[in-house]
Amino acid sequence: MPSKPIKKTIGVMTSGGDAQGMNAAIRAAVRGALIRECDVYAIYEGYTGMVDNLIKPVQWESVSSIMQHGGTAIGTARCQRFRQFSGRLRAAENLLKYGIDNLIVIGGDGSLSGADVFAQEWPQIIDELFKQGKISALKRKRHPELRIVGIVGSIDNDMANTDMTLGADSALHRITGAIDALSSTAHSHQRVFVVEVMGRNCGYLASMSAIATGASYAFIPESPPPDNWGQTLCRQLRTARKAGRRDSIIIVAEGATDRRGNPISSSRVKEVLDQNMGMESRLTILGHVQRGGAPSAFDRYLGTASGVAAVSELLKNDGESRIIVMKDNRIKAVSLRETVAKTHAVAEAVKNCDFKQAMALRGSGIMNSVLETLSLPGAPGRGCAGKQRTLALITCGWPAPGMNNALRTAVRLGLAQGCRMLGIKQGAEGLINNDVHEFGWMDVEEWVASGGSKLGANRTIPNEEEFKTVAATVKKHKIDGLLMIGGWTAYIIAERIDRMGEIYPELDIPVVCVPASINNNLPGSELAIGADTALNTIVEAVDKIKNSADTSRRVFMVEVMGRYCGYLALMSGLATGAEYIYLHEQGIDLKLLQEQLKKLTRGFKKEGRDIGLLIRNEKASEAYTMDFIAQLFDAESGGLFDVRKTILGPMQQGGDPTPFDRIQGTRLAYDGMLQLFEKLKSGDKTSAFIGFCGSKSSVYPMRELGSMVSRTHQRPSGQWWESLVNIATGLAIKPNI
Ligand code: ADP
């Protein structure tokens, strides 16, 4: 008879600098391990807790209500003793007291390097412990190796092999919020502000926050400025001031240097500006604020998905230490050793002033050159080859936060290529009614941070008759190509224009659609502009709703937008710990509701639960409405809890765009314009839609739209996030363990 596998014993710890999203990772790792019937221990205060035996068993409830908080619920520290063999010896002795030989380490580059050293040394350590009589021969035999899975918690986003580390998105929220606030005072007084952000070897926070705030310049470690940076910068600022820019923000990463590796500190930048600009600039060092505050929706998702993946990886039992990363919008496990080595190689390249190598290893060149163009004080006057082209921009469908940054990017990239740039007002109505305006460089200067669409957007789709006047507008303004930024309505209009080219020769022009919809229901792109802002709005609202239930036993039912696409419902449910999430994609039936009710009441009756959360997509089911489910649960709970309903409504469409949506607006508009330029160059007049699948940009002919979507439900045929449902609710409802 095969022997029963020995139960795994897993230790979970956070170490080094704290980062938002660590709590989501702890919760997911602990609950994920408990579901898989492991024994789980929390190691408090990082490696200090390992050396000093601050190790305690954790249960399901130990990690309740932590996900929405910044920092780490189990503490973190920097521990010099762990850097010595003697410290690691004590750490191992303590771990073995509990039988822990599997570790989930949530931390930065340093913590994971330490973990790597520990895992490599383990055989030598247990031999030594045996020799010293600290462990028995049986114990040595039972724990021949230490398996480690790392989760990268670092606001700097400085780890190799991953597109995002835990905390980087939330830090960008803090930075963007602060710079938005500084911009309004700088604008009033026509001031220059120098803002220092974190990033020792990595310019991610500096360059992304520069894109997200429309900053005038960013100093980053991987790409130092030319030697005469002081003169160039001051000249640029003066020209911009003359052109009408009232506020100038200069962002400096804390590790910025010149080409010889001498630090360019934020105070040095201020000094240079003050000496040369004839006015006093202001310096703000954001410091630890960047680490603080509630984690963004993305960091909660990243932490949760990484925690679950870390447990699966440990249970695979193949011995090699791994690290959980996000690559191309998917969670993966890669070699811990190789990732740590590659991360050190970037730091080394920066230290050795090999900036070409540093940029190549980071792979972030394109966005930096886009930023360079966008921050110029006027069109560089490169001019495109051949005759001047006229490109028009239009926003269609419901406004989505981030559209304005997409418009700003498109206008400036077009002007930089020597194109005439037009804006069509009020969506298709502007095409029908000839409501068209020409843009200059400074017209879009302050469009970065505002929600909605400065052009106006609506859901009008021209009918057959109206296409005649649409064609007349295109002819009148000699429009050579159209960039459509919007949702489902934009795609339908673009599809029709593509066909109408056969009837009206004026409409035989390329149209490129850029996905922008809070519903995130567009084909060819995993994330549309606007969805991240809506998601964060929902998550913040639900946090508040949950908070209001201090006194009574209550189940909240929250209805969110999305039309027939469950993205917002699922991701907000995952990020707020909802017990049940109702999606149109999955459907609802009575049997399901009965089962859910049974589990909910058991939670309230037997497990001390005093709050429940249900998230429902607005179109989840025609029959099982919000009212129906709420009344059913309320009536059948036998007085154990009452059910409160909230429809979040239009607030989900409003608000300032999140940094991600601003960056996504820039990225997608850049790609859309690139497509238009290529089409104009090659004479290709077919229409297309673009998007990002993972971090790869893709382009699809408009004629493929039909094969990629369900027209009835206005959503893509396959949606990448649907498999996350089980993770979301699996971690919220305690199984019978
Ligand atoms: P972060 O993990 O945020 O990069 P640190 O670099 O300060 O933070 O590392 C956190 C802790 O990880 C250190 O205090 C130390 O205990 C441990 N550590 C880091 N590097 C090593 C190493 N090479 N060997 C052993 N332990 C290390």
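Residues: numbered from 1 along the sequence shown. Atoms within a ligand are numbered from 1 in the order they appear, just like the ligands themselves.
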Using a 4.5 Å cut-off on heavy atoms from C-beta on, say whether the side chain of Val308 contacts that of Ile331. no
Between Asp101 and His143 (side chain of the first, backbone of the second, donor and acceptor by atom type, cut-off under 3.5 Å), is there such a pair? no
Treating Gln20 as the side-chain partner and Gly292 as the backbone partner, does any N or O pair qualify as donor plus acceptor under 3.5 Å? yes
For ring pair (Phe, Tyr, Trp, His ring centres under 6.0 Å), just list the numbers for Trp229 and Phe219, CA-CA rounded to whole Å, side-chain angles, deciding distance to a tenth of an Å, and then say yes or no. CA-CA 10 Å; Trp229 61 266; Phe219 288 89; 5.2 Å; yes
Where the closest heavy atom to [atom] is concerned, which of [options] has it?
{"atom": "atom 15 (C) of ligand 1", "options": "Ser113, Gly16, Cys79, Ser15", "value": "Cys79"}
{"atom": "atom 2 (O) of ligand 1", "options": "Gly153, Ser111, Ala91", "value": "Ser111"}
{"atom": "atom 25 (C) of ligand 1", "options": "Ser154, Ala115, Gly114", "value": "Gly114"}

Between Arg200 and ligand 1, is there a nitrogen or oxygen pair with a distance under 3.5 Å? no
Any nitrogen or oxygen of Val117, main chain or side chain, under 3.5 Å from a nitrogen or oxygen of ligand 1? no
More than 12 foreign heavy atoms under 6.0 Å from NZ of Lys97: is that the case here? yes
Identify the protein heavy atom lying closest to [atom], giving its residue, its atom name and the separation to 0.1 Å.
{"atom": "atom 5 (P) of ligand 1", "answer": "Arg78 NE, 3.7 Å"}
{"atom": "atom 19 (C) of ligand 1", "answer": "Gly110 O, 2.9 Å"}
{"atom": "atom 3 (O) of ligand 1", "answer": "Gly17 N, 2.9 Å"}
{"atom": "atom 13 (C) of ligand 1", "answer": "Arg83 NH2, 3.8 Å"}

If I take atom CD1 from residue Ile250 and atom CG from residue Leu233, how far apart are they, to the nearest 0.5 angstrom? 4.5 Å
For Ile175, the option from Leu205, Asp180, Val195 that meets side chain to side chain contact (heavy atoms under 4.5 Å, CB included): Leu205
Is the contact between Phe82 and ligand 1 made by the side chain, the backbone, both, or neither, using heavy atoms and a 4.0 Å cut-off? both
